[in-house]
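Just so you know, ligand 1 is whichever comes first in the structure, and atom 1 is the first atom listed for that ligand.
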Amino acid sequence: MKRIVFATNNAHKLSEVSAVLGDGYELVTLKEVGITEDIPETGATLDENASIKARYVYERTGLDCFADDTGLEVEALNGAPGVHSARYATDGHDFAANNAKLLRELEDKENRNARFRTVISLIRNGIEEQVEGIVEGTIATSLSGNEGFGYDPLFVPKGYDRTFAEMSADEKNAISHRGRAVAALVKIL
Ligand code: ITT
């Protein structure tokens, strides 16, 4: 079994990624390697932030590791909230406030096209590689479902009439940005 650190403080991400990675990998958490502080995400893009998070862990532990940075990119909002998805409405990770703000911003917009994009930075033996995963969809006009996290109750993937929050973890992983990025990660691991 390969041991690899996943640089995240988000428990939802951890369970999604470990489900897609499967039994061949033992995911080590930040807590387990003694990193309890929030890693500063100061980059201007998802690519930069994924890289910052992975390097932060590699520099402190020397262990193989990866980090994911994800954003929701809404067409009518010129790609916002994008890299600012976690702190769209407030300073913290307030999912309800973020969703309420998104609904407000799109109130008078006909174009509700959006996509989730995940960038994963992998550092193995000191060498960094990046992969990404994208899922296209639309933003619903009201919240539906209790599964998942973040913007899931508003995101309807293309070809479906349910939000990610109305899908099981397996269903979401099979088509999601993160599921696709992790599938690409597995190919290079
Ligand atoms: P880490 O940096 O500790 O990994 P985070 O929650 O800060 O966790 P990101 O910066 O990658 O993660 O994600 C930014 C926000 O995007 C996150 O807070 C959610 O609101 C949203 N998000 C990310 N992945 C999502 C998903 O699969 N479904 C719905 N919303 C998601």
Side-chain angles (χ1 to χ4, degrees), residues 5-20 27-31 33 35-57 65-74 77 79-103 114-122 130-140 143-157 160 162-183 185:
V5 183
F6 181 21
T8 184
N9 285 309
N10 183 324
H12 296 280
K13 279 188 182 179
L14 195 65
S15 78
E16 286 185 6
V17 170
S18 71
V20 181
L27 280 188
V28 180
T29 64
L30 287 177
K31 223 200 232 158
V33 295
I35 297 176
T36 50
E37 67 277 19
D38 262 345
I39 303 175
E41 293 182 37
T42 50
T45 61
L46 299 176
D47 305 45
E48 278 176 32
N49 276 341
S51 185
I52 287 170
K53 287 191 260 188
R55 284 182 195 185
Y56 189 97
V57 174
C65 59
F66 67 94
D68 128 1
D69 202 44
T70 295
L72 177 68
E73 300 174 342
V74 180
L77 303 177
V83 72
H84 306 296
S85 291
R87 296 177 178 78
Y88 187 39
T90 67
D91 221 19
H93 291 65
D94 186 337
F95 297 152
N98 286 341
N99 283 326
K101 178 168 178 185
L102 183 58
L103 283 177
R115 62 182 196 168
F116 272 118
R117 195 158 69 88
T118 290
V119 177
I120 293 179
S121 251
L122 167 72
Q130 283 196 332
V131 291
E132 75 168 8
I134 290 174
V135 60
E136 304 282 349
T138 52
I139 302 301
L143 299 157
S144 305
N146 297 306
E147 304 299 321
F149 67 102
Y151 298 94
D152 282 344
L154 286 178
F155 187 84
V156 180
Y160 292 78
R162 287 170 298 145
T163 68
F164 268 159
E166 293 177 291
M167 296 184 180
S168 68
D170 284 350
E171 260 182 304
K172 179 185 170 189
N173 277 333
I175 55 168
S176 78
H177 46 301
R178 186 165 300 101
R180 288 175 175 160
V182 175
L185 176 70

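Between F6 and F66, the ring planes lie parallel to each other; the angle is under 30°, not in the 30° to 60° tilted range. Taking the six-membered ring where the residue is Trp, F95 and F149 present tilted rings, their angle falling between 30° and 60°.
The backbone N or O of I134 sits less than 3.5 Å from a side-chain atom of R180, completing a donor-acceptor pair.
When all heavy atoms of E147 and D152 are compared, the closest pair comes out as O-CB, 4.3 Å. Considering every non-hydrogen atom in both L72 and L102, the closest pair reads CD2-CD2, 3.7 Å. Shown here for K53 and D68, the closest heavy-atom pair between the two residues is NZ-O, 2.9 Å.
Under 4.0 Å from any atom of ligand 1, one finds heavy atoms of residues T8, N9, N10, K13, E41, K53, D68, D69, T70, S85, A86, H93, F95, F116, F149, G150, Y151, D152, K172, H177, R178.
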